[in-house]
Asker: 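My questions will all concern the structure given below.
Treat the numbers as computed from the prediction; the structure is a model and nothing was measured. Just follow the structure's listing: the first ligand is 1, and inside any ligand the first atom is 1.
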Amino acid sequence: MWNKKWVVGNWKMNGRLHENDTLLSEILALPPQPNVCIGIAPPAVYLQQVRNATQNAPHNTILPCAQDLSRFPGTGAYTGEISAAMLKDAGAQAVLVGHSERSLYFNETNDERRQKIENALAAGLIPLLCVGENLQERENGDEKTTVARQLSVLKGLQTDTFAIAYEPVWAIGTGKVANKEQIAQMHHFIYNEVLSFGNSGANIRILYGGSVNETNAAEIFSAAHVDGALVGGASLSGKQFSAIIRAAEQA
Ligand code: PEP
């Protein structure tokens, strides 16, 4: 899976058992896409549904992913929290960490992200760290400083097994997409930054996220250093998500 393009659908707070079944059956009906690793990140209550539907996927590798995890390790009196080990138990193989909506609505900090990454790794989950600047930071030319600060949570980790999603906040759910040059430059920067922390780069995927859809996917996948996409809105449509997967296969 580390030499494939990843296409990960982040369902956010969407879905119902019946709707999920329909969406999953459309994804399962895709013919073999040997160059793509498909990820599906449903709300945590639906992880088992995704795991059960996809574990014997006839043609394709499908990774159930969680959207978030608790910063607390182990078990305990943390009402409402879901630990890394529980997510693993429910079928998750990877977990998003630091999505911009977690900072926006839950004031998540870098320290919390680091704790979450450590918990994910300890439970055998692949952390998928989301980074990206907001519009003001981009307009001030501060995008690399911002992303470097967000990436610093990976320093000193004893692992080479993680993924990063570059998601400019101004491109999430807005219909605005970073251009190919902006994407390639930032992905190159992220790759070098991560290598400078002492990670060998052997098992690292760098995905782009932000208004990816069936129309722009091929162009985005053709940008240098793009190892896949994190897809929000378009992952809720079987037709659109499948088209993005096919674009990744052909990239
Ligand atoms: C996201 O939230 O991770 C995302 C990329 O959303 P969208 O594709 O809807 O912009």
Asker: Over 60° means perpendicular and under 30° means parallel, so classify the ring planes of His187 and Tyr166, tilted if in between.
Answerer: perpendicular

Asker: Output yes when the distance from some N or O of ligand 1 to some N or O of His99 is under 3.5 Å, and no in every other case.
Answerer: yes

Asker: Under 4.0 Å between a side-chain nitrogen and a carboxylate oxygen: does that hold for Glu118 and Arg114?
Answerer: yes

Asker: Which atoms of ligand 1 sit under 4.0 Å from any heavy atom of Gly233?
Answerer: 7 (P), 8 (O), 9 (O)

Asker: Hey, which atoms in ligand 1 end up nearer than 4.0 Å to a heavy atom of Ser211?
Answerer: 7 (P), 8 (O), 10 (O)

Asker: Which is closest to atom 4 (C) of ligand 1 by heavy-atom distance: Gly232, Pro168, Gly132, Gly9?
Answerer: Gly232

Asker: Tell me which part of Asn10 gets within contact of ligand 1: side chain, backbone, both or neither, using heavy atoms under 4.0 Å.
Answerer: side chain

Asker: Look at ligand 1 and say whether Ala171 reaches it with a heavy atom at a distance under 4.0 Å.
Answerer: yes

Asker: Quick check: Gly173 and ligand 1, any N/O pair under 3.5 Å apart?
Answerer: yes

Asker: Taking both backbone and side-chain atoms of Gly210, is any N or O found less than 3.5 Å from an N or O belonging to ligand 1?
Answerer: no

Asker: Can you find an N/O atom of Val231 closer than 3.5 Å to an N/O atom of ligand 1?
Answerer: no

Asker: Starting from the C-alpha separation in whole Å, work towards a yes-or-no answer on salt bridge (charged side-chain N to carboxylate O under 4.0 Å, His left out) for Lys239 and Glu26.
Answerer: CA-CA 8 Å; Lys239 179 178 160 289; Glu26 288 180 72; over 6 Å; no

Asker: Hey, could you give me each pair passing salt bridge (Lys or Arg N to Asp or Glu O under 4.0 Å) that has a residue in residues 79-106? Not counting sequence neighbours.
Answerer: Lys12-Glu101, Asp68-Arg102

